Amino acid sequence: MSLKEIFASRALRMKASEIRELLKLLDQPGILSFAGGIPDPSLFPAEAFADAFGQALTNGQQGQSLQYSVSEGYLPLKQWIVERMGRLGITCTPDNILITSGSQQALDYLGKLFLSPGDTALVTAPTYLGALAAFNAYEPRYDQLTLEGNRTAQSYRDGAESSGSAVKFAYLSADFANPTGQTVTESVRARLLDLAEELDCAVIEDGAYQDLRYDGTPVSPILAMELGRKGSIEDCRTIYCGSFSKTLSPGLRVGWAVAAKPVISQMVLIKQAADLHSATVNQMAVNTVARQIFDAHVEKVRAAYKARRDAMLAALQRHMPPGVHWTRPEGGMFVWLTLPAGVSGAELLARSLETVKVAFVPGQAFFADGGGSNTLRLSFSVLAEAEIEEGIARLGQLLSEAPAQTRQQAAQMV
Ligand code: PMP
């Protein structure tokens with residue numbers, strides 16, 4: 001007997017994504033990769049962290065930094081986050097905050113907190129792959145969160161009830177989403193809050209890219225809008241997930257969740273059971289570095305990514321053949337391409353790797369229910385502007401050939 005046969009049913013929902021496996025092979029020398037979607041390591045504030053870790057590990061601080069600590073998170077860091085959240089219009093106290101090991105852990109905990117098997121989670125199509133991976137373990141049913149307002153609360157409710165349960169939350173990234181780069185407008189955020197009221201469900205707002213705005217007008221976080229309506233975070237149904245990964249360092253695994261106290265208290269219990277607390281020394285170092293350089297550092301990161309975003313948009317304009325459409329993100333790390341109908345992103349990737357040595361992520365991976373086969377995600381965060389130009393030129397060349405090939409293949413099939 002293989003032990004696989006006695007794995008819990010949830011394990012069946014945790015599949016290694018073929019795309020993820022493929023991506024491991026992509027970031028090799030000689031390949032221009034738009035696949036990654038990770039911060040540029042040359043922007044990490046390494047010296048500031050070297051000093052901060054040095055401090056945390058000497059001068060009597062080591063007794064605290066190397067010790068167990070509270071599940072809620074390191075208080076000075078929570079206080080710094082309270083101040084930052086306040087600037088976004090999210091008035092809260094340290095008791096409204098849980099420090100997590102990256103915002104990914106908050107997504108997992110929220111899945112654990114809300115989803116019994118068969119419960120409905122509303123997700124956009126496409127959506128962040130890691131959110132689907134986190135929620136999948138709790139065996140939900142997914143329904144598509146449409147931002148065009150063409151679905152009524154009743155239609156969501158009917159769908160959920162048909163599988164014997166209720167809609168528990170709507171998950172979305174409102175600013176510079178992964179994978180599309182798009183920002184949800186203020187009126188759509190308001191409509192989403194109305195929908196959540198009607199469904200009596202939570203809203204999970206993924207703010208992983210919040211600080212990476214390059215132009216345009218900032219839109220209030222959904223939690224700030226709800227607070228504006230209700231007056232107190234204790235009456236809010238929105239849970240905001242933040243992260244230091246895109247601004248300071250993803251490797252330290254420090255993120256946070258902000259919500260009404262009963263939600264945070266329950267998440268604290270989940271954290272106690274899961275890993276007791278996030279690494280104390282990392283939280284202390286992040287606190288020191290954030291207090292010293294956060295704003296100046298984020299300015300630097302924004303300037304670098306803005307130049308790359310601009311380079312990518314200009315290159316797309318220059319090199320893409322007619323029929324290819326793309327988003328124009330105001331921030332984040334991604335541009336989302338829609339290819340002519342019938343051109344497959346996955347097939348294009350295979351051909352691209354073989355011939356022009358350019359990598360990207362086929363879009364289908366980001367859909368809970370398949371779909372999106374003619375889409376792809378390009379990340380502009382890691383390559384230099386000249387490489388972006390070169391990579392997009394090669395991809396444009398390949399795509400100029402794609403329709404002809406597709407026609408040829410179609411002819412062969414009949
Ligand atoms: N949300 C989104 C939309 C992301 O793209 C990512 C990372 N790629 C995360 C959450 C998780 O990031 P972390 O756990 O590093 O905070």
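Read the numbers this way: they start at 1 and go in the same order the structure lists the ligands and their atoms. Since we're looking at a predicted model, the values are computed, not measured.
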Close residues, ligand 1: non-hydrogen atom nearer than 4.0 Å | G102, S103, Q104, Y128, N178, D206, A208, Y209, S243, S245, K246, R253
Do S65 and T280 pass the side-chain hydrogen bond (donor to acceptor under 3.5 Å, both in side chains) test, and can you show the C-alpha distance, the side-chain angles, and the key distance before you say yes or no?
-> CA-CA 5 Å; S65 64; T280 320; over 6 Å; no
Residue pair L115 / E139, side-chain heavy-atom distance below 4.5 Å = no
To the nearest 0.5 Å, tell me how far D215 CG sits from R309 CZ.
-> 4.0 Å
Rounding to 0.5 Å, atoms CD (Q317) and CE (M312) come to a distance of 14.0 Å
Kindly determine whether R10 and N136 satisfy side-chain hydrogen bond (donor to acceptor under 3.5 Å, both in side chains), including the steps that lead there.
-> CA-CA 8 Å; R10 75 180 74 88; N136 279 347; over 6 Å; no
Step by step, would you call Y214 with F176 a side-chain contact (heavy atoms from CB on, under 4.5 Å)?
-> CA-CA 10 Å; Y214 313 133; F176 333 124; over 6 Å; no
